[in-house]
Protein chains: 2
Amino acid sequence: MEGVSGNKYGGVLRFSRDPCTRVAETVDSPSRKPRADAERNRLRLLDTAKAVFGEKGPSASLEEIAREAGVGIGTLYRHYPTRDALIEAVYRNETGQLAAAATRLSEAHPPVEALRQWLLLFIDYLGTKYGMAAVFGSVTGGTAALYAACNSGTPEAIALLTGRAVASGEVRLDMDPIDLLRAIAGVASAGPGWQDTARRLVDILIAGMRV
Amino acid sequence: MEGVSGNKYGGVLRFSRDPCTRVAETVDSPSRKPRADAERNRLRLLDTAKAVFGEKGPSASLEEIAREAGVGIGTLYRHYPTRDALIEAVYRNETGQLAAAATRLSEAHPPVEALRQWLLLFIDYLGTKYGMAAVFGSVTGGTAALYAACNSGTPEAIALLTGRAVASGEVRLDMDPIDLLRAIAGVASAGPGWQDTARRLVDILIAGMRV
DNA sequence: TTATTTCCGGAGACGCCCTCCACTTAGTGT
DNA sequence: ACACTAAGTGGAGGGCGTCTCCGGAAATAA
């Protein structure tokens, strides 16, 4: 499933100013075809960033990432003008599948159980995928507002699941569901074995939401 | 460098290997009285650090703290050899009262209610006291292991409260109680209004712990 | 006062962030 | 095939931080 890392854009790739729609807008362009080397560099940077962030956390040196990717620092900044842009790109890439799982789970399970399953999945991703825990932590804690609005469907995913669960009448939730994720992420990276703790926290949270 | 370090305190100050007992071990010393100016500087640094950390978060520039305190950068490093040492000193200073409140609350309220009250108090501290939210976040998330074991009685405080609550048979908790704080801190600094969210989270957590 | 010990403070080495721009190179029209 | 040109490259450089080191100042002891 990792193979689907699809960044094959058909036409001209444009980055809009709005981060939410930054993914891929094929613009009716009178201009020329995008250069192959640029796209190559972008992908190399993304891969390298994923690895390095996973290894050293989201505050890893951007110079190191550029070096490791075999490009100049200027090239990194050309593709990802800010550290957040780069983190977001990695993050988006990683969580796309999480979002996809939301619809799948919500079709295969009763509402509350689907939510529970997805939260457990979220923990797995947090832990096993390239140290995303730290990245997510920095994202929620740090330059948060941006991501809260628009990261790769995660908010939509959990909104869907909690919406269904609440609609079923079994649970109640008077806060932004994404704060559930923040709570879980807060427990993460608290030392080895945090995943068990996080899983217990999920049970506590769901039990606490029951009417 | 782990060994001796100049500081206040009577004789030669020894840092034990265990950070928990780092506070003050006065070794039987035939040496002289500690210098007054050193202690003065240490206090100035502590106050300034508190203010600056509160204002700019735990990643504020140490040079700025030194400048603002009117001492050289070298003096700062002499008293607090690492950024974490400084943060810990501020943190310890701030949370002493929190720890004190634990015993008070546990005498004045039934077990579960005492726990609830204290968690709410924790939120207040997180929010109003010099931006401790960010500091606590960086502490739990960052160089965590150290603090998890021993910061200023906070672990003891919550252990006391949860211990009583569990003993009462009303609730159940199969995880390190300090992870409750981590969860709450995870919600913190998620934008304005997080305190309401955090308070609701407390209710959810306690409800979820009920047997 | 003088001697001794502690402590101060800032220069300096080094790393990282980010910008800027001379240079290179991939696509394009002929 | 070939020059043309805009897109893209990369790294030097300025700014800011961290942390170390040690000559000199200052406080205590005698």
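Protein chains get the first letters and strands the later ones, always in sequence-line order, with residue 1 at the start of each.
When the side-chain nitrogen and oxygen atoms of Asn41(B) are compared with OP1 and OP2 of dC8(C), one or more of them lie within a distance under 4.0 Å. Under 4.0 angstrom from either OP1 or OP2 of dC19(D) there lies no side-chain N or O belonging to Thr82(B). Contact between the side-chain N/O atoms of His79(B) and the OP1/OP2 oxygens of dC8(C) is found at a separation under 4.0 Å.
One distance of note links CZ of Arg67(B) with OG1 of Thr48(B); it measures 12.0 Å at 0.5 Å rounding. The distance from atom CG of Asp179(A) to atom CZ of Arg182(A), rounded to the nearest 0.5 Å, is 4.5 Å. Annotation: the span from Leu181(B) atom CG to Ile123(B) atom CD1 amounts to 10.0 Å, rounded to 0.5 Å. Rounded to the nearest 0.5 Å, atoms CD (Gln195(A)) and CZ (Arg200(A)) are 12.0 Å apart. Separating the OG1 atom in Thr154(A) from the CZ atom in Phe122(A) is a distance of 7.5 Å, to the nearest 0.5 Å. For the atom pair CG of Leu119(A) and CG of Leu115(A), the computed distance is 4.5 Å after rounding to the nearest 0.5 Å.
Regarding Arg42(B), its CZ atom lies at a distance of 16 Å from the C1' atom of dC8(C), rounded to whole Å. A straight line from OH of Tyr77(A) to P of dC21(C) spans 18 Å, rounded to a whole angstrom. In this structure, the CG atom of Leu62(B) is 4 Å from the P atom of dT18(D), given to the nearest Å. Distance CZ (Arg78(A)) to C1' (dT25(C)): 13 Å, rounded to an integer number of Å. Between the CG atom of Asp84(B) and the P atom of dT18(D) there is a distance of 13 Å, rounded to whole Å. In this structure, CD of Glu39(A) is placed 14 Å from C1' of dA7(D), rounded to the nearest angstrom. Atoms OH (Tyr80(B)) and P (dT18(D)) sit 17 Å apart, rounded to a whole Å. Straight-line distance from the CZ atom of Arg44(A) to the C1' atom of dT9(D): 15 Å, rounded to whole Å.
Between Arg116(A) and Asp203(A) there is a salt bridge, since at least one side-chain N of the basic residue sits less than 4.0 Å from a carboxylate O of the acidic one. A salt bridge links Glu39(A) and Arg42(A); the closest N-O separation between the charged side-chain nitrogens and carboxylate oxygens is under 4.0 Å. One finds a salt bridge joining Arg199(A) and Asp196(A) here, because a Lys/Arg side-chain nitrogen approaches an Asp/Glu carboxylate oxygen to under 4.0 Å.
A rotation axis mapping the C1' atoms of four pairs onto the next four is fitted at both ends of the helix from dT1(C)-dA30(D) to dT30(C)-dA1(D) over five pairs, and the angle between these axes is 10° to 10 degrees.
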- Taking it one step at a time, do Asn41(B) and Leu76(B) satisfy side chain to side chain contact (heavy atoms under 4.5 Å, CB included)? CA-CA 9 Å; Asn41(B) 282 333; Leu76(B) 186 152; over 6 Å; no
- From CA spacing to verdict: side chain to side chain contact (heavy atoms under 4.5 Å, CB included), Trp118(B), Leu98(B): CA-CA 8 Å; Trp118(B) 191 83; Leu98(B) 250 192; 3.8 Å; yes
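Listed by residue number, the members of residues 63-75 of chain A with any heavy atom below 4.0 angstrom from DNA chain D are Val71(A), Gly72(A), Ile73(A), Gly74(A), Thr75(A).
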- Treat primed atoms plus P, OP1 and OP2 as sugar-phosphate and everything else as base, then score nucleotides 24-30 of chain D 5' to 3': B for base contact with protein heavy atoms under 4.0 Å, S for sugar-phosphate contact only, - for none. --BBBS-
